[in-house]
Number of protein chains: 2
Amino acid sequence: MPRKPAPGTRERILDVAADLFDRRGVHAVGMQQIIDGVGCGKQLLYREFPSKDHLVVAYLERSAQAWASTLARVCATVDAPEDQLVELVRAVQGMAPNTRGCPLRNTHAEFPDPGHPAHQVSLKHFQDVREQLRELARRTPAAHPDRLGDRIMLIIDGLYVSGSTLGPTGAGATAVGLAQDVVRAEIAAQAV
Amino acid sequence: MPRKPAPGTRERILDVAADLFDRRGVHAVGMQQIIDGVGCGKQLLYREFPSKDHLVVAYLERSAQAWASTLARVCATVDAPEDQLVELVRAVQGMAPNTRGCPLRNTHAEFPDPGHPAHQVSLKHFQDVREQLRELARRTPAAHPDRLGDRIMLIIDGLYVSGSTLGPTGAGATAVGLAQDVVRAEIAAQAV
DNA sequence: GTCTATACTTTGATAGAC
DNA sequence: GTCTATCAAAGTATAGAC
């Protein structure tokens with residue numbers, strides 16, 4: 001059984017691949033470019049990732065983990081659930097300094113075939129996020145928590161997309177302000 | 001200079017191409033599939049569209065025209081500008097019965113290269129739409145019309161994206177309700 | 001002359017062999 | 001790491017039908 005040559009090999013490959021995928025899109029990046037970027041041989045890459053699909057899936061799962069980390073960090077930093085929702089929107093604004101938007105959203109758009117693993121992995125992620133946001137909203141005193149969660153999800157989706165075309169600054173301010181107002185309105189509706 | 005043999009040729013090609021592009025994405029559709037779908041020869045297609053890029057651009061411009069028609073229809077049907085904004089969101093909800101979202105958004109995600117014509121055409125469309133929405137918002141008594149316009153744009157973007165993953169019904173209701181509340185809130189802010 | 005159908009060339013990709 | 005097999009796609013050219 002072949003041993004791993006260096007412990008960080010898998011991560012290094014993923015670093016290079018993620019950078020290229022983020023900037024140019026998955027379809028436009030060939031395996032050879034990734035190999036050249038890593039600076040190692042073909043064997044090594046194909047040992048870690050038997051096919052490009054495997055590599056893409058690993059890339060998506062890593063992006064999903066980045067979201068999970070953000071969620072955990074925000075929940076650990078901010079106390080009130082209603083503030084957590086707003087802070088998540090602000091965190092998304094900060095997560096996309098480039099103008100290309102969300103890796104999972106972009107890759108999802110690149111693989112419309114429902115049978116493709118990249119499509120399935122990204123789709124499951126969005127369903128998970130929706131449930132997480134609804135769960136957070138249920139801890140607030142909002143009148144309709146599921147509606148609040150879905151609205152925050154819509155704002156985050158719009159932020160990713162608008163930010164990739166209109167620039168992150170303008171769209172970011174719009175999204176955060178809107179999220180604040182939405183949360184406030186839902187809480188106020190409860191007070192009535 | 002060769003004349004058009006049949007007047008509807010160009011439209012027929014675009015019909016077939018748009019259907020395939022919408023369902024499977026631009027990259028996944030080969031010129032041969034479009035030719036097979038139309039039932040014509042290669043010469044004819046390449047006479048109307050000298051390259052695939054030309055065809056994609058025509059496809060995008062046609063989608064942009066569909067938006068322009070929707071905008072004109074809503075403005076002609078509804079009187080109050082604040083109702084027009086909400087009605088636009090509702091119209092977008094109806095325009096995406098499939099689960100693939102906006103053709104312009106999807107194609108934009110498929111062509112990240114800023115030098116590619118498909119990227120430029122779609123980008124210009126989004127800038128135009130943003131200005132149109134701001135212009136509509138300026139006719140309302142909203143306190144901050146540009147902010148209102150940007151918020152509606154964010155909602156429309158989010159609707160396209162959320163609808164493509166969570167289904168158009170749930171996301172549509174969320175987006176329309178949110179748009180109503182946003183418009184109402186901006187008008188109320190003016191009343192103060 | 002105009003359209004269909006097919007063959008061909010070039011390019012670039014994945015993936016495996018050594 | 002290099003070299004190669006395989007395949008798919010864009011675009012061109014050509015042969016032939018109405």
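Predicted model, so just to flag it, every value in this text is computed and none were measured. A note on names: the letters A, B, ... follow the listed sequences, proteins ahead of strands, and every chain is numbered from 1.
One atom, CG of B:L45, and another, C1' of C:dA5, lie 14 Å apart when rounded to the nearest Å. One atom, CZ of B:F49, and another, P of D:dT12, lie 16 Å apart when rounded to the nearest Å. Whole-Å rounding puts the A:R24 CZ to C:dA13 P distance at 11 Å. Atom CD1 of A:I35 is separated from atom P of C:dT14 by 9 Å (rounded to the nearest Å). With rounding to whole Å, A:R47 atom CZ is found 12 Å from C:dG16 atom P. One can place OH of A:Y46 at 16 Å from P of D:dT2, the figure rounded to the nearest angstrom. When rounded to the nearest whole Å, the span between NE2 of A:H27 and C1' of D:dA9 equals 13 Å. Rounded to an integer number of Å, the gap from NE2 of A:H54 to C1' of C:dT14 is 14 Å.
The residue B:V38 sits apart from the nucleic acid: no heavy atom pair falls under 4.0 Å. Counting any heavy atom pair closer than 4.0 Å across all strands shown, B:C40 reaches sugar-phosphate atoms only and no base atom.
No side-chain N or O of A:R139 forms a donor-acceptor pair with one of A:Q84 less than 3.5 Å apart. In summary, the side chains of B:S51 and B:H54 do present a donor paired with an acceptor at a separation below 3.5 Å, with no hydrogens or angles considered. Counting only N and O atoms by type, the side chains of B:Q32 and B:D36 include a donor and acceptor under 3.5 Å apart.
Distances from the side chain of A:Q43 to the nucleotides D:dG1, C:dA7, C:dA13 place D:dG1 closest. With D:dG11, C:dA13, C:dA15 as the candidates, the nucleotide lying closest to the side chain of A:Q33 is C:dA13. For B:L44, the listed nucleotide lying nearest its side chain is C:dT4; candidates were D:dA10, C:dT14, C:dT4.
B:R147 and B:D150 are not joined by a salt bridge, as no carboxylate oxygen comes within less than 4.0 angstrom of a charged side-chain nitrogen.
Between B:H116 and B:F111, the ring planes lie tilted relative to each other; the angle falls in the 30° to 60° range.
Residue side chain B:K52 does not reach the base of D:dG11 through any donor-acceptor N/O pair under 3.5 Å, judged by distance alone.
Along DNA chain C, the nucleotide closest to B:K42 and the one closest to B:G39 are compared, and the more 5′ of them pairs with B:G39.
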